Amino acid sequence: SGKGTNAGTYATTVNDTLYTNGNYAITKVDGSLSIGKKEVALSVTKEYDGVTTLSGNQLSIATGVGLETLTYSNATTHSKNVADNATNYVDAVTLSNGTNGGLASNYKTPSLTSAVAGKNTVAITPAALTLTADSDTNSKTYNGTEQSVSGFSITSGSLKGSDTSITTLAGIIAGGKGTDAGTYTTTVDDSAFVNSGNYSLNKVAGSLVIAPKEVILSAAKEYDGGK
């Protein structure tokens, strides 16, 4: 017989200490018991951050054995993009000892070369961005011609990783215009924007104020005794 708990190979032996029949010459040969490593399940859940590296609770490792847990390091996903969720997967990870008796030596990773439902999955959600159209409320005065303001700024959230406004937000324009004195709405126009799916956009309007022009008053008359 033989026994073991952790993954590995254990010897099985013949015990003849209670054997009393002297009619046979007993030759004892050991056998072996092999306990293979259990495959864990890997699942990634995170908001888009522009990188493939993983940290903290972005990667969950399910051992499936009691309350045993594992930690990890050097983990990456194959893609950083939301659009690739259906085929994305963890392509590198180092398992480390966890809690409640979780030993990395007792476990192995699933395939790190493809997405497999229930074994190696990635779910990246879009990062939120608020784009606010630029405003101009104190520099414009009526002059008889059309006046305008253009541009926008990110007022909540931020671009991630190496993403830049020039490339990531290409196609988005913003502004407003008017001729007569008054207040005009400036808006963000994303109709030409090709969204990769990595960001969810919230558009906020601004304002353009054209102030009335002050006139110059002059009077010329001959004295007539009145005002």
Side-chain angles (χ1 to χ4, degrees), residues 43-60 75-89 121-227:
S43 60
V44 173
T45 304
K46 71 170 184 175
E47 182 180 277
Y48 174 74
D49 57 9
V51 296
T52 59
T53 54
L54 300 171
S55 62
N57 61 6
Q58 292 179 335
L59 172 61
S60 296
T76 58
T77 57
H78 183 65
S79 170
K80 65 181 182 179
N81 297 314
V82 173
D84 295 326
N85 277 345
T87 57
N88 204 2
Y89 55 92
T121 60
V122 175
I124 302 174
T125 57
L129 278 184
T130 296
L131 306 182
T132 300
D134 288 351
S135 294
D136 186 344
T137 60
N138 55 24
S139 74
K140 299 287 193 293
T141 301
Y142 174 74
N143 62 10
T145 65
E146 185 177 83
Q147 301 184 73
S148 65
V149 61
S150 63
F152 64 87
S153 58
I154 298 173
T155 54
S156 180
S158 62
L159 293 173
K160 309 299 182 180
S162 60
D163 294 348
T164 65
S165 293
I166 293 175
T167 56
T168 305
L169 302 180
I172 298 177
I173 58 176
K177 59 186 178 180
T179 301
D180 295 329
T183 299
Y184 299 86
T185 299
T186 61
T187 59
V188 176
D189 179 1
D190 63 349
S191 59
F193 173 58
V194 179
N195 194 342
S196 65
N198 291 331
Y199 295 95
S200 61
L201 301 183
N202 177 40
K203 300 176 290 181
V204 177
S207 59
L208 165 66
V209 175
I210 300 177
K213 179 174 175 55
E214 184 178 88
V215 297
I216 298 174
L217 304 177
S218 63
K221 72 173 183 176
E222 185 180 90
Y223 173 75
D224 57 6
K227 293 183 179 180

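A quick note: this is a predicted structure, and the numbers were derived from the prediction, not measured.
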(message) I'd like to check N198 versus T168 (side-chain heavy atoms, cut-off strictly below 4.5 Å). Are they in contact?
(response) no
(request) Please name the pair of heavy atoms, one in A192 and one in G171, separated by the smallest distance, quoted to 0.1 Å. (result) CB-O, 3.7 Å
(message) Checking T45 against S60 for the side-chain contact (heavy atoms from CB on, under 4.5 Å) test, could you report, in this order, the C-alpha distance in whole Å, the side-chain angles of both residues, the deciding distance, and whether it holds?
(response) CA-CA 8 Å; T45 304; S60 296; 6.0 Å; no
(request) Considering non-hydrogen atoms only, spot the tightest contact between T53 and K46 and give its length. (result) O-NZ, 3.4 Å
(request) Any chance you could measure T76, atom OG1, to L59, atom CG, to the nearest 0.5 Å? (result) 10.5 Å
(message) Nearest 0.5 angstrom please: T167 OG1 to L159 CG, how far?
(response) 8.5 Å
(message) Any non-hydrogen side-chain atom of N81 less than 4.5 Å from a side-chain atom of S196?
(response) no
(request) Would you give the length of the straight line joining atom CD1 of I154 to atom OG1 of T130, rounded to the nearest 0.5 angstrom? (result) 9.5 Å
(request) Please name the pair of heavy atoms, one in L208 and one in K177, separated by the smallest distance, quoted to 0.1 Å. (result) CD2-CA, 3.8 Å
(message) Return the CZ to CD1 distance between F193 and I172, rounded to the nearest 0.5 Å.
(response) 4.5 Å
(request) Using modelled atom types only, decide if a donor and an acceptor are shared between the side chain of N85 and the backbone of I124 within a distance under 3.5 Å. (result) yes
(message) Rounded at 0.5 Å granularity, tell me how far NZ in K213 sits from CD1 in I216.
(response) 7.0 Å
(message) Whether the side chain of S153 engages the backbone of T155 through a donor-acceptor N/O pair (distance < 3.5 Å, no angle test) should be reported.
(response) no
(request) Locate the shortest heavy-atom distance separating S162 from K80; write the atom from each residue and the value. (result) OG-NZ, 4.2 Å
(request) Determine, step by step, whether L169 and L129 satisfy the side-chain contact (heavy atoms from CB on, under 4.5 Å) criterion, reporting the C-alpha distance in whole Å, the side-chain angles of both residues, the deciding distance to 0.1 Å, and the verdict. (result) CA-CA 11 Å; L169 302 180; L129 278 184; 4.2 Å; yes
Throw together a table of side-chain donor-acceptor distances under 3.5 angstrom for residues 199-206, partners on residues two or more places apart or in other chains.
from	atom 1	to	atom 2	distance (Å)
Y199	OH	K160	N	2.8
Y199	OH	D163	OD2	2.7
K203	NZ	D190	OD1	3.1

(message) Using only atom types and a distance under 3.5 Å, with no angle test, would you say the side chain of T186 pairs donor to acceptor with the backbone of S207?
(response) yes
(request) Starting at OG of S150, measure out to CD1 of I173 and round the result to the nearest 0.5 Å. (result) 9.5 Å
(message) Would you say that D49 contacts Q58 through its side chain, given a criterion of any heavy-atom pair below 4.5 Å between the two side chains?
(response) yes
(request) May I have all residue pairs that pass salt bridge (Lys or Arg N to Asp or Glu O under 4.0 Å) and include part of residues 133-143, sequence neighbours excluded? (result) D136-K140
(message) Does E214 have more than 12 heavy atoms from other residues, nucleotides or ligands lying within 6.0 Å of its CD?
(response) no
(message) I'd like to check V44 versus T121 (side-chain heavy atoms, cut-off strictly below 4.5 Å). Are they in contact?
(response) no
(request) Would you name the heavy atoms of Y142 and T179 that are closest together and state the gap between them? (result) CD1-O, 3.2 Å
(request) Mind listing the closest non-hydrogen atom pair of V188 and T132 along with its distance? (result) CG2-C, 4.2 Å
(request) Ignoring hydrogens and angles, tell me if any N or O in the side chain of N143 forms a donor-acceptor pair with the backbone of T145 under 3.5 Å. (result) yes
